[in-house]
Protein chains: 2
Amino acid sequence: MTDTSRRPGPRIVEVALAAGVSKSTVSRVLNGGEQVSDRTRQAVHLAIERLGYSPNHAARTLAGSKANAIALVVSEQGSRVLADPFFAGVLRGVHTELTGRRIQLLVMMSQPDDNHDMVAYLSGGHVDGALVLSLHGGDPLPQILSARGLPVVVGGRPLLVGNVPFVDADNFTGALQATRHLVSLGRKRIATIAGPQDMTVGIDRLSGWRRGVGEAQRPADLVVHSDFTPDSGASAMEELLSRAPDLDAVFVAADIMALGALRVLRAGGRKVPEDVAVVGFDDSVLASTAVPPLTTVRQEVEALGRTMTWRLLAELAGEEGLPPSVLLPTAMVFRDSA
Amino acid sequence: MTDTSRRPGPRIVEVALAAGVSKSTVSRVLNGGEQVSDRTRQAVHLAIERLGYSPNHAARTLAGSKANAIALVVSEQGSRVLADPFFAGVLRGVHTELTGRRIQLLVMMSQPDDNHDMVAYLSGGHVDGALVLSLHGGDPLPQILSARGLPVVVGGRPLLVGNVPFVDADNFTGALQATRHLVSLGRKRIATIAGPQDMTVGIDRLSGWRRGVGEAQRPADLVVHSDFTPDSGASAMEELLSRAPDLDAVFVAADIMALGALRVLRAGGRKVPEDVAVVGFDDSVLASTAVPPLTTVRQEVEALGRTMTWRLLAELAGEEGLPPSVLLPTAMVFRDSA
DNA sequence: GCGGATTCTGGGAGCGCTCCCAGACGGGCA
DNA sequence: TGCCCGTCTGGGAGCGCTCCCAGAATCCGC
């Protein structure tokens with residue numbers, strides 16, 4: 001339909017002509033830009049500006065040895081509940097880190113079952129690297145891609161460690177901080193509603209709590225596992241209450257579960273924080289609107305995206321001495337619930 | 001660093017050789033696939049399968065007349081609060097609609113101020129079309145792109161109508177339904193906390209409420225404008241309460257504002273829904289976890305993404321008689337607050 | 001049985017770039 | 001002055017596809 005007789009915009013030769021140089025030189029300026037005299041470089045830049053030239057991505061990719069694109073892979077299933085605000089934040093971070101560079105961001109969603117096509121695509125040279133948001137840590141995708149020679153950075157500590165670099169919030173320390181806070185409040189019976197133990201985010205936050213109660217000589221028996229939904233948080237709270245009616249604090253491994261827990265506490269006539277102090281995790285939008293507003297542990301989702309991207313690009317650039325993995329600091333946010 | 005001496009995987013000629021045909025024929029099968037005998041087609045498909053061939057995107061784009069890619073443009077600013085879950089849902093819908101087709105999805109974020117580069121990029125033939133998520137309806141970006149010949153579909157009704165097709169939830173009807181529900185409950189003094197009036201989502205939801213109170217012969221004076229944050233919802237509720245202490249119902253134009261309103265009502269000793277019935281909008285995750293759980297209007301965010309994509313692809317395919325724009329139905333979700 | 005229409009196939013010229021190679025130019029040193 | 005070497009530049013061969021054109025194969029009716 002739209003037969004604009006070939007794509008619009010000037011070609012590299014037009015720029016070369018305008019600048020009075022060859023297209024090789026323009027190309028040189030566009031890329032590394034070494035071995036070009038300042039006068040020439042400026043002339044080229046001027047011509048580019050004047051003509052509004054924007055290099056053809058497909059041609060660069062075809063001719064060059066890199067794809068000038070990276071992929072952000074999100075798992076379809078994981079993206080249901082937890083991932084929503086999480087994902088948007090990560091994406092923003094990724095994008096921030098990418099601006100200025102001429103690198104395309106491809107977003108893909110991995111099906112739980114059949115990733116055959118995606119693996120073929122990604123390892124087929126269409127992208128230079130991949131960012132994998134691995135919410136359910138057991139996903140073999142990062143390993144597969146990495147084994148095929150594609151640079152990969154995982155967001156969230158993977159369950160199978162392997163040698164794929166990852167970036168994650170420091171869930172362990174965050175949970176530890178939260179528990180220490182409860183201890184410092186003088187709480188004696190500190191429970192936890194833990195996340196699923198097949199996800200490192202669940203595992204690490206539980207470990208942090210264990211360490212926290214351990215170092216304060218408190219019993220570490222009040223653990224109920226749950227699955228990152230408000231309802232499961234509610235039933236976990238019920239179970240805790242029936243097991244230990246004397247509990248006076250709960251560390252809940254995710255704000256969204258904390259909402260369910262708060263509901264049960266309220267229904268049971270326990271005052272928060274007077275009778276039971278509650279600390280959540282994530283500092284999602286839910287936390288500030290909860291009743292009462294939730295004291296929680298903040299993780300910088302956007303920084304996660306930025307750091308993942310930085311790590312990947314650094315690797316692509318061939319930088320040496322990169323950290324295999326990065327843990328991002330977390331910080332307590334004090335509100336009313338503890 | 002990773003000098004894999006050219007990209008891995010077979011080329012189209014390998015496939016042609018394996019199938020005993022020419023590369024032209026393989027190309028034909030890959031694309032439209034008309035004018036190819038069934039026997040040949042099957043042989044080619046077999047060869048593709050056997051070799052695990054995946055066509056080189058850059059080469060197709062360079063040689064062909066289309067880019068085989070579409071862009072999803074999100075505004076950086078809008079993506080802060082409102083957009084988070086919204087965006088993930090839309091993206092999922094877009095992706096769903098794209099699977100199977102060999103079309104890349106590029107995600108870009110538009111800076112509020114400088115979109116110069118992005119416009120150049122998008123209208124430079126790098127993508128075949130664009131999906132623009134326009135949360136702040138006044139954005140001229142869709143018009144600009146469209147004027148430059150790029151097919152565009154906007155998500156959310158734009159403020160400047162123009163001739164750019166859009167897909168939106170039927171905010172008007174949704175608000176009308178909500179208001180009618182409050183009327184049917186026998187409420188007499190029905191207020192609204194409206195959204196910003198520089199966004200059509202705010203305008204349309206207010207219109208729906210006006211229509212609803214109007215057709216029930218109720219006064220339409222209890223309007224307070226707010227800005228889609230819990231705190232602004234709270235202060236709006238305070239204002240309403242002081243202006244009309246006898247109000248017995250509120251339609252809040254977004255769940256996130258309703259949370260603030262609920263807080264104020266609770267603090268003021270009003271029982272929800274007994275004293276004041278509250279209906280929200282969006283059916284976000286916030287609604288079900290609110291206290292009390294919020295009756296609200298559900299908009300199908302994923303369907304929005306799917307529909308936008310369908311509309312764009314249909315246009316790219318040159319289909320005739322496409323609807324200029326589409327309004328997606330909304331549905332009431334009844335919980336405890338009204 | 002033959003001409004022409006119809007269906008199918010192959011050849012090859014680009015698409016717009018990068019990157020290798022060779023050549024032009026100039027400056028320092030013996 | 002002559003030679004070498006380093007800096008800068010231009011030419012041109014691809015990258016892997018699509019798409020146009022021409023030619024081969026098949027079919028049909030008279």
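Only a predicted model underlies this, so the values are computations on that prediction, with no experimental measurement involved. The chains referred to below are lettered A, B, ... by the order of the sequence lines, with proteins before strands, and numbering in each begins at 1.
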Are B:Pro55 and B:Leu30 packed together at the side-chain level, in the sense that at least one heavy-atom pair is separated by less than 4.5 angstrom? yes

Measure CD1/A:Ile48 against P/C:dC17 and give the value in whole Å, please. 10 Å

Nearest-angstrom distance from the residue atom CD of B:Gln42 to P of C:dT9: 13 Å

Specify the residues of residues 21-31 of chain A, ordered by number, for which at least one heavy atom lies under 4.0 angstrom from an atom of DNA chain D. A:Val21, A:Ser22, A:Lys23, A:Ser24, A:Thr25, A:Arg28

d(CD, A:Glu14; C1', C:dC17) in whole Å: 13 Å

Could you go through B:Val73 and B:Leu122, starting from their C-alpha distance and side-chain angles, then the distance that decides it, and tell me whether this counts as side-chain contact (heavy atoms from CB on, under 4.5 Å)? CA-CA 10 Å; B:Val73 183; B:Leu122 290 177; 4.0 Å; yes

Atom pair distance, as rounded to whole Å: CZ in B:Arg60 and P in D:dC17: 9 Å

Among residues at least two apart in sequence or on other chains, which ones pass ring-ring contact (aromatic ring centres under 6.0 Å, His included) with B:Tyr53? none

For atom NZ of B:Lys66 and atom C1' of C:dC15, their distance in whole Å: 14 Å

Value in whole Å for how far the P atom of C:dG11 lies from CD1 of B:Ile12: 14 Å

Is there a side-chain contact between B:Ile70 and B:Leu316, using heavy atoms and a 4.5 Å cut-off? yes

Need one value for A:Val36: base, sugar-phosphate or nothing, where a base atom within 4.0 Å counts as base even if backbone is also close, heavy atoms only. sugar-phosphate

OG1 on B:Thr309 to CD on B:Glu97, rounded to 0.5 Å: 6.0 Å

Quickly work out the B:Asn56 CG to D:dT18 C1' distance and round it to whole Å. 12 Å

For B:Ile103 and B:Leu313, what are the C-alpha separation, side-chain angles and deciding distance, and is it a side-chain contact (heavy atoms from CB on, under 4.5 Å)? CA-CA 10 Å; B:Ile103 299 176; B:Leu313 294 181; 3.7 Å; yes

Below 3.5 Å between N/O atoms, which protein atoms pair up with nucleotides 26-28 of chain C? Just atom names and distances, please.
none

Could you check A:Leu91 against B:Leu91 for side-chain contact (heavy atoms from CB on, under 4.5 Å), going step by step and ending with a plain yes or no? CA-CA 12 Å; A:Leu91 182 71; B:Leu91 181 72; over 6 Å; no

Looking only at the side chain of B:Thr40 (C-beta and beyond, no hydrogens), which of the listed nucleotides D:dC15, C:dC8, D:dT9 gets closest? C:dC8

Check the phosphate of C:dG16 against A:Tyr53, side-chain N and O only, distance under 4.0 Å to OP1 or OP2. Yes or no? no

Distance (rounded to the nearest 0.5 Å) between A:Leu133 CG and A:Met109 CE: 10.0 Å

What distance separates B:Leu105 CG from A:Gln104 CD, expressed to the nearest 0.5 Å? 11.0 Å

A:Arg11 side chain, from C-beta outward: closest of D:dT9, C:dG16, D:dG16: C:dG16

Grab the CG-C1' distance between B:Leu62 and D:dC15 for me, whole Å please. 9 Å

